[in-house]
Participant: 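Below is one structure. I have some questions about it.
No experiment lies behind these values; they were computed from the predicted model shown. Protein chains get the first letters and strands the later ones, always in sequence-line order, with residue 1 at the start of each.
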Amino acid sequence: MPEVSIKQALAGQPAENAQVTVKGWVRTRRDSKGGFSFITLNDGSCFDSIQVVAPGELPNYQSEVLRLTTGASVIATGKLVRSQGKGQAYEIQADQIQAVGFVDDPDTYPIQPKQHTFEYLREVAHLRPRTNTFGAVTRVRHTLSMAIHRFFHENGFYWIHTPIITCSDCEGAGAMFRVSTLDLANLPRTPEGKIDWSQDFFAREASLTVSGQLNVEAYCLAMSKVYTFGPTFRAEWSFTPRHLAEFWMIEPEVAFADLAADAALAESFLKYIFRAVLDERQDDMAFFAQRIDKDCIQRLESFVDSSFERMDYTDAIAALEKSGKNFEFPVKWGMDLQSEHERWLTEEYVKRPVVVMNYPKEIKAFYMRLNDDGKTVAAMDVLAPGIGEIIGGSQREDRLDVLDQRMAECGLNPANYQWYRDLRRYGSVPHAGFGLGFERTIMYVTGMQNVRDVIPFPRTPKHAEF
RNA sequence: UCCGCAGUAGCUCAAUGGUAGAGCAGCCGGCUGUUAACCGGCGGGUUGUAGGUUCGAGUCCUACCUGCGGAGCCA
């Protein structure tokens, strides 16, 4: 007898009137005094649950079926039939219900068939995937992941597994988590009284990565088109709906590419993965549109149908100055664009995604290629309506002398970047790439308002309970 | 780290300084196919913690804890 997912059963597979077995968790049980019960089962395979009709003649009807509560696990076998009721096309007329796991103390089972606050559900992060919202987020997250890998694979990119543990403070970006096996209660000291890292596991200070970019550049300058997609760690002391201490980042890098090619890649990439969600997760997106953010589907559709505007930073500043808007942060050439400025540019000025390019070098990282004007670097931000910055990228500085000069300006010691400098000594080429925060992308797609609700087990300051 | 808002039943929320309540969930009963069903009943509380003001504090004051939002920082 075929064992099917609830997704298959709801689609009438393998066939109407076929004998099938489904396995899942009870969402609700409704009893009819016609002497039978309706059990709604969900197994995560799709948004919808299937209705199992349990007749009172089942041998374990009184002893087990009537004791099933929300959250119990069940294996149900029976005939897949067209439903007499209105809520679903197919249901299962059960001739066998196996109660696999009951809920211990149903009175306090944390997930009830009702609306819970997201704040509460974070406290039961191990059970929240049993809710509609987190099931839908989980499937969308998976679909985006697969689409990302598929896009790069189909376009000749190699997935590079850059290291999680690093010894280089790559961009000087953000506070880092130390990786050490030293005995904290008895730290080895140098004669000067400083901690003697030479006795640590890696014989030097080591940390969790804040970006795979520098490592992936090395593979770019051999494999031509590469990307990383993995976890990243920032020990920043920040409490906001957009920050995590552990998050996932996508960073492609392309050899023989300039900033314009980088922007073109970002555009086709974003459109591809959003198209995939629209095509493959219609059930979940309909839920998000209904319950979370009514505009989320339309936002994606208009995104994939728009051509991105390209705009120089200098022109963006000029437009902002002429906007007549009274911004909280006054606009001036040389400043970094604040969130309010980004939103105005993309939502009101051009009304579609916009790539802002060539920022002042003072507000950007040392590895970005210095433009001929000597004042700006070949950096870009992709701004999208409804969110602001979604991608940041740049053409990298491929000239060793200019790189050294920029590192000096940024107060970095070239001795710490020997292998990175080597890439400019041995067959250097123009290359470019960008970074995309995966969780923020999921927020944009689903309309979810808090980054802690789009990753299974969020890590934030003082929080790593699960 | 700074600023603001909040904390009452398992969950979502009420309660003018004057007897702590409702809905949902749970349990019991009713209802001939229900759709987060419906109807009736029952149990459920150290009002975040510690002090203070007051005849009297869930309510006012102080400190702390926790959560959320904003700023900074960023993805």
Participant: What I want to find out is whether A:R396 reaches A:D262 closely enough, with some N-O distance under 4.0 Å, to be called a salt bridge.
Facilitator: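 Looking at A:D262 together with A:R396, the answer is no, because their closest N to O distance does not fall below 4.0 Å.
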
Participant: Is there a side-chain polar atom (N or O) of A:K462 under 4.0 Å from OP1 or OP2 of B:rG67?
Facilitator: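 Answer is no, no contact under 4.0 Å.
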
Participant: Classify the nucleic acid contact of A:E439 as base, sugar-phosphate or nothing, counting any heavy atom under 4.0 Å across all strands shown.
Facilitator: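 Result for A:E439 = nothing.
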
Participant: Identify whether any heavy atom of A:T232 sits under 4.0 Å from a base atom; if not, whether one sits that close to sugar-phosphate; answer base, sugar-phosphate or nothing.
Facilitator: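 Nothing: the residue A:T232, judged by heavy atoms under 4.0 Å, touches no strand.
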
Participant: Remember a base hit wins even if backbone is also touched, and classify A:F38 as base, sugar-phosphate or nothing at under 4.0 Å, heavy atoms.
Facilitator: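 Counting heavy atoms under 4.0 Å across all strands, the contact made by A:F38 includes a base.
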
Participant: Would you call A:R406 and A:E409 a salt bridge, taking side-chain N to carboxylate O under 4.0 Å as the test?
Facilitator: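 Salt bridge between A:R406 and A:E409, a charged N being under 4.0 Å from a carboxylate O: yes.
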
Participant: Can you see which heavy atom on A:I317 is nearest to which on A:W333, and at what distance?
Facilitator: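 Where A:I317 meets A:W333 most closely, the heavy atoms are CG2-N, 3.9 Å.
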
Participant: Looking only at N and O atoms, is any donor in the side chain of A:E91 or the base of B:rG33 less than 3.5 Å from an acceptor on the other one?
Facilitator: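 Yes, the side chain and the base share a sub-3.5 Å donor-acceptor pair.
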
Participant: Touch check for A:E389, heavy atoms < 4.0 angstrom, all strands: base, sugar-phosphate only, or nothing?
Facilitator: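 No contact.
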
Participant: Under 4.0 Å between a side-chain N/O of A:Q51 and OP1 or OP2 of B:rG33, yes or no?
Facilitator: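 For B:rG33, neither OP1 nor OP2 has a side-chain N or O of A:Q51 closer than 4.0 Å.
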
Participant: In terms of heavy-atom contacts, does CD of A:Q449 have more than 12 from other residues, nucleotides or ligands at under 6.0 Å?
Facilitator: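 Not buried by this count: 12 neighbours or fewer within 6.0 Å.
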
Participant: Any donor-acceptor pair, under 3.5 Å, between the side chain of A:Q112 and the base of B:rG10, if you only look at N and O atoms?
Facilitator: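 Yes, a donor-acceptor pair under 3.5 Å.
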
Participant: Once you apply a heavy-atom cut-off of 4.0 Å, does A:G437 come out as touching a base, just sugar-phosphate, or nothing?
Facilitator: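 A:G437: backbone/sugar contact only, no base atoms under 4.0 Å.
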
Participant: With heavy atoms under 4.0 Å as the rule, sort A:Y109 into base, sugar-phosphate or nothing.
Facilitator: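 No contact at all - A:Y109 keeps every heavy atom at 4.0 Å or more from the nucleic acid.
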
Participant: Using the closest heavy atom to pick a nucleotide of RNA chain B for each, name whichever of A:H116 or A:D31 lands nearer the 5' end.
Facilitator: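 Counting from the 5' end, the first nearest nucleotide belongs to A:H116.
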
Participant: Between A:D105 and A:S83, name the one whose nearest nucleotide on RNA chain B is closer to the 5' end.
Facilitator: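 Its nearest nucleotide being more 5', the pick is A:D105.
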
Participant: Indicate, with a heavy-atom threshold strictly under 4.0 Å, whether A:G85 touches base, sugar-phosphate, or nothing.
Facilitator: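 The answer is base, as A:G85 lies within the cut-off (heavy atoms under 4.0 Å) of a base atom.
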
Participant: Return the value, rounded to whole Å, for the distance between atom CG of A:L66 and atom C1' of B:rG29.
Facilitator: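 In whole Å, B:rG29 C1' and A:L66 CG are 13 Å from each other.
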
Participant: Name the stems that RNA chain B belongs to, where each is three or more consecutive Watson-Crick or G-U pairs with both distances under 3.5 Å?
Facilitator: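 Runs of three or more consecutive pairs: B:1-7 with B:65-71, B:10-13 with B:21-24, B:26-30 with B:38-42, B:48-52 with B:60-64.
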
Participant: Output yes when at least one side-chain N/O atom of A:R452 is less than 4.0 Å from OP1 or OP2 of B:rC68, else no.
Facilitator: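 Indeed, a polar side-chain atom of A:R452 lies that close.
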
Participant: Need one value for A:R291: base, sugar-phosphate or nothing, where a base atom within 4.0 Å counts as base even if backbone is also close, heavy atoms only.
Facilitator: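 Base, at least one base heavy atom under 4.0 Å.
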
Participant: Answer yes or no on whether A:R299 is positioned over the face of A:Y444, meaning its NZ or CZ is under 6.0 Å from the six-membered ring centre and within 45° of the axis.
Facilitator: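 Verdict for A:Y444: a cation-pi partner in A:R299.
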
Participant: Report which part of the nucleic acid A:S32 touches: base, sugar-phosphate, or nothing (heavy-atom distance under 4.0 Å, all strands).
Facilitator: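 The answer is sugar-phosphate, as A:S32 gets under 4.0 Å only of primed atoms, P, OP1 or OP2.
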
Participant: Can you tell which of A:R139, A:R141, A:R291 makes a salt bridge (Lys or Arg N to Asp or Glu O under 4.0 Å) with A:D284?
Facilitator: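 With A:D284 as partner, salt bridge (Lys or Arg N to Asp or Glu O under 4.0 Å) holds for just one option, A:R139.
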
Participant: Is any NZ, NE, NH1 or NH2 atom of the basic residue among A:K23 and A:D43 found under 4.0 Å from an Asp or Glu carboxylate oxygen of the other?
Facilitator: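 Not counted as a salt bridge, because no side-chain N and carboxylate O are separated by less than 4.0 Å.
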
Participant: Across the strands shown, which category fits A:P241 at heavy-atom distances under 4.0 angstrom: base, sugar-phosphate, nothing?
Facilitator: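 Sugar-phosphate only.
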
Participant: Base, sugar-phosphate, or nothing: which does A:Q84 touch, judged by heavy atoms less than 4.0 Å apart?
Facilitator: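 Since a base atom lies under 4.0 Å of A:Q84, the category is base.
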
Participant: What is the distance from OH of A:Y120 to P of B:rC11, rounded to the nearest Å?
Facilitator: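 Going from A:Y120 (OH) to B:rC11 (P), I get 6 Å.
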
Participant: I'd like to know if A:R128 pairs up with A:D453 as an ion pair, taking the criterion as any Lys NZ or Arg NE/NH1/NH2 lying under 4.0 Å from an Asp or Glu carboxylate oxygen.
Facilitator: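 Salt bridge present between A:R128 and A:D453.
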
Participant: Calculate the interatomic distance between A:Y90 atom OH and B:rU35 atom C1'; express it in whole Å.
Facilitator: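 Atom-to-atom, A:Y90 to B:rU35, this comes out as 19 Å.
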
Participant: Under 4.0 Å, heavy atoms only, any strand: does A:Q93 hit a base, just the sugar-phosphate, or nothing?
Facilitator: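 Since a base atom lies under 4.0 Å of A:Q93, the category is base.
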
